[in-house]
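Below is one structure, written out as structure tokens; comments come after it.
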Number of protein chains: 2
Amino acid sequence: MSRVTRKDVAKLAGVSETIVSYVVNDNRYVEAEKKSRVLSAIEELNYVPNNIARSLSKKETNHYLFMTDDLDNDYFTSLLAEMESVLIEQDFFISLCKYRDNNSFLNQVFARQFDGLFISTSEISQASLNRISNMGIPTVYVLRNMKITIPDNISVLNPGLYMGAEKCIHHMCEQERKRILFLDRFVKSANDEIKGVDPRLQAFNNWKEQCFVWSKIVHTGNDYSLLKKNLSDIYRDEAKFDGIIAINDKVAVLALRSLQDLGIRVPEDVSIVGYDNNFLSGIFDPSITTVNVSKTAYAEKIISLMKDLKDREEVKRIRLPVDLIVRNSSLRREKNESEN
Amino acid sequence: MSRVTRKDVAKLAGVSETIVSYVVNDNRYVEAEKKSRVLSAIEELNYVPNNIARSLSKKETNHYLFMTDDLDNDYFTSLLAEMESVLIEQDFFISLCKYRDNNSFLNQVFARQFDGLFISTSEISQASLNRISNMGIPTVYVLRNMKITIPDNISVLNPGLYMGAEKCIHHMCEQERKRILFLDRFVKSANDEIKGVDPRLQAFNNWKEQCFVWSKIVHTGNDYSLLKKNLSDIYRDEAKFDGIIAINDKVAVLALRSLQDLGIRVPEDVSIVGYDNNFLSGIFDPSITTVNVSKTAYAEKIISLMKDLKDREEVKRIRLPVDLIVRNSSLRREKNESEN
DNA sequence: GTGAAAGCGCTAACAT
DNA sequence: ATGTTAGCGCTTTCAC
């Protein structure tokens, strides 16, 4: 039982195969009567054109790939959902996959002839990005790594991580918080070789001496009890920190709950800010100060960058606006109930 | 600047095109010396085989599609991450996309010649599932809809939603909770036509009269303040419910925070249970009773179902084990600190 | 308006 | 052991 092809349709409709294509693609005038014969043959046989063959011929797959190192971050999922709903309207598919920084992975990617690549990872090496650039596949790079030089055929979407972090840092200053813990997401790897530098961390490193009297960077996983122990040890042995800047809201939530468990008051003793405006951050008590980047804008911009690149070879660099959403977790005196 | 093909490699290496394929696929003996000439030509030209052409010829794409209605549920994202890491080892790609129950969407899917389909949605109609079945694409259906009859060429992964819900219901009974609110995820649509019935809801409907003296089903979105108002109104006007069964942990968390805001004590006044064992549920105070389904088992089983279907045409039906994780949110007297 | 034919880049059967 | 050839199912040019 093999699939129905154009040939079967042509035979049943009593026309040539070319006519069938003309009807399917609606790109040539076909006599009305023939057209309707083709249409009903398609209906009857349940014919669906083979996109693989079409792609081979047209050298277009109508398929994008989104690569990220952050596959189980719900920010990306809902971003992907937004992108997907826009793209499906244009007959485009988008695949999600975890980025791996090695040649055999990249070969797999190249082999599949995606029409475009979205890359959002801080784990990419310069060599890999250059290799991607050389392939000539339209590529939009989401800026999450400060150490890298972006080849000039690659468009850049800057989600404003650096600027968002600056807003957090300055907010901490205004609140006169002086002893700050920065909670990064990753556990430092065994070989200590960190490939990229997250712009948020970079911002912190650039400002910490100017803004704070004490600071420390802690690399953390998603393990609650481990984090709690960490925080407890630091608070007891190293410094009574009065502010925590977390790499995202998930980490911020974990930190908040840890402190509450340890009897450290938020925000009276310690201010907390997160990042992402995750649905969580507004729910907690105290609600968590965070940074919002509109997903709708994100999805729209990233797709338009890709379109411009594909259709007009226009390389662009765009930065998204970021908003600090001040809530109770960071304010020395709590806001009234009128938060958003 | 067009892509490098096998032809270019053959020319540079001074061999026939077939030889290049033999080397690339490593499926025929090739003279060592020729082989190395081919290899270095590949290296030099940066040749990557074209998978589209390969797929057309082999009638295999090495590509699966996972369709769900729940794209921004983080359970699915991490499940997908697990699946992806297993599949990439076998040179398979997996795409994620929101399921849409209409023919033009299905045509897009069929056109792309996926080697296999995973479907996890309660929104699918019988007609659509039958159509998919008729296409003859290996398909694994995740059972999330009780109303549907599964065609007999489709394998079924039962994630145990019904049984998990039963465990929640019986747990409520044991806690002597008698007035139960069931919080479903979806806002009822305008036309009131709900396509599928979630097995959790089904279980609740089947047991409610036997187990409870009062019960009510509320359809809710992810809007916190709306939910809070809803709960407040019901508590005041309809019944002082003493238990909430939420469709998932996200909803459970929203409900918990609502009640806390309203001054209703959990678990003293109201017991809450969630579903999914989301990382959230263990963090809150009180920690939330929930149902766990191992994602590793899920990923492993769903992939093995697909393999059996593809390779041996073996249709199977498997149910995953579910575990009720009892935590403080549902217990009349709180557990000691020794929870997991 | 329509159809034949070449070509997209591969695989695999067949011949040598 | 290697090369020739006929597909895979489509798009598109070109001739009628």
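A, B, ... follow the sequence lines: proteins, then strands. Residue 1 opens every chain.
- Using a 4.0 Å heavy-atom distance criterion, A:K34 is classed as a sugar-phosphate-only contact.
- Within the structure, every side-chain polar atom (N or O) of A:Y22 is placed at least 4.0 Å from both OP1 and OP2 of D:dC10.
- Between A:E17 atom CD and D:dC8 atom C1' there is a gap of 12 Å when expressed in whole angstrom units.
- In this entry the distance linking CD1 of A:I52 with P of C:dT11 reads 14 Å, nearest Å.
- For the pair A:I19 CD1 and C:dA4 P, the interatomic distance rounds to 10 Å; values are reported in whole Å.
- Within the structure, a side-chain polar atom (N or O) of B:R54 is placed less than 4.0 Å from OP1 or OP2 of C:dT11.
- Side chain to side chain, A:D101 and A:S128 meet the donor-acceptor criterion of an N or O pair below 3.5 Å.
- Under a cut-off of 6.0 angstrom, the local environment of NZ in B:K301 is sparse, with at most 12 non-hydrogen atoms contributed by other residues, nucleotides or ligands.
- In this structure, B:R112 places its CZ atom 18 Å from P of D:dG9, rounding to the nearest Å.
- Taking only side-chain nitrogens and oxygens, B:S16 never comes nearer than 4.0 Å to OP1 or OP2 of D:dT2.
- At whole-Å resolution of the value, CZ in A:R3 and P in D:dG7 are 22 Å apart.
- Among the nucleotides D:dG3, D:dA1, C:dT2, the one closest to the side chain of B:Y29 is D:dA1.
- In this structure, B:N51 reaches neither bases nor backbone, as no heavy-atom distance under 4.0 Å exists between it and the strands shown.
- A donor-acceptor contact under 3.5 Å is not formed by the side chain of B:S57 with the base of C:dG9.
- Each of C:dT11, D:dG9, D:dT12 was ranked by its minimum atom distance to the side chain of A:K58; first place goes to D:dT12.
- Here B:L96 contributes atom CG and B:L79 contributes atom CG; the two are 9.0 Å apart, rounded to the nearest 0.5 Å.
- Note on B:L56: a base of the nucleic acid sits closer than 4.0 angstrom, heavy atoms only.
- Among the heavy atoms of the strands lying under 4.0 Å from A:T5 are primed sugar atoms or P, OP1, OP2 only; no base atom is included.
- Rounding to whole angstrom units, NZ of residue A:K35 and C1' of C:dG1 are separated by 13 Å.
- In terms of position on DNA chain C, the residue among A:R28 and A:K59 whose nearest nucleotide sits closer to the 5' end is A:R28.
- Residue-environment remark: NZ (B:K316) exceeds the threshold of 12 foreign heavy atoms within 6.0 Å.
- You'll find that the side chain of A:T18 is closest to C:dA4, out of C:dA4, D:dT4, D:dT2.
- Straight-line distance from the CG atom of B:N25 to the P atom of C:dA13: 13 Å, rounded to whole Å.
- Open room surrounds CZ on B:R319; 12 or fewer heavy atoms of other groups in view lie less than 6.0 Å from it.
- If you take CG of A:N50 and P of C:dC8, they are 18 Å apart, rounded to a whole angstrom.
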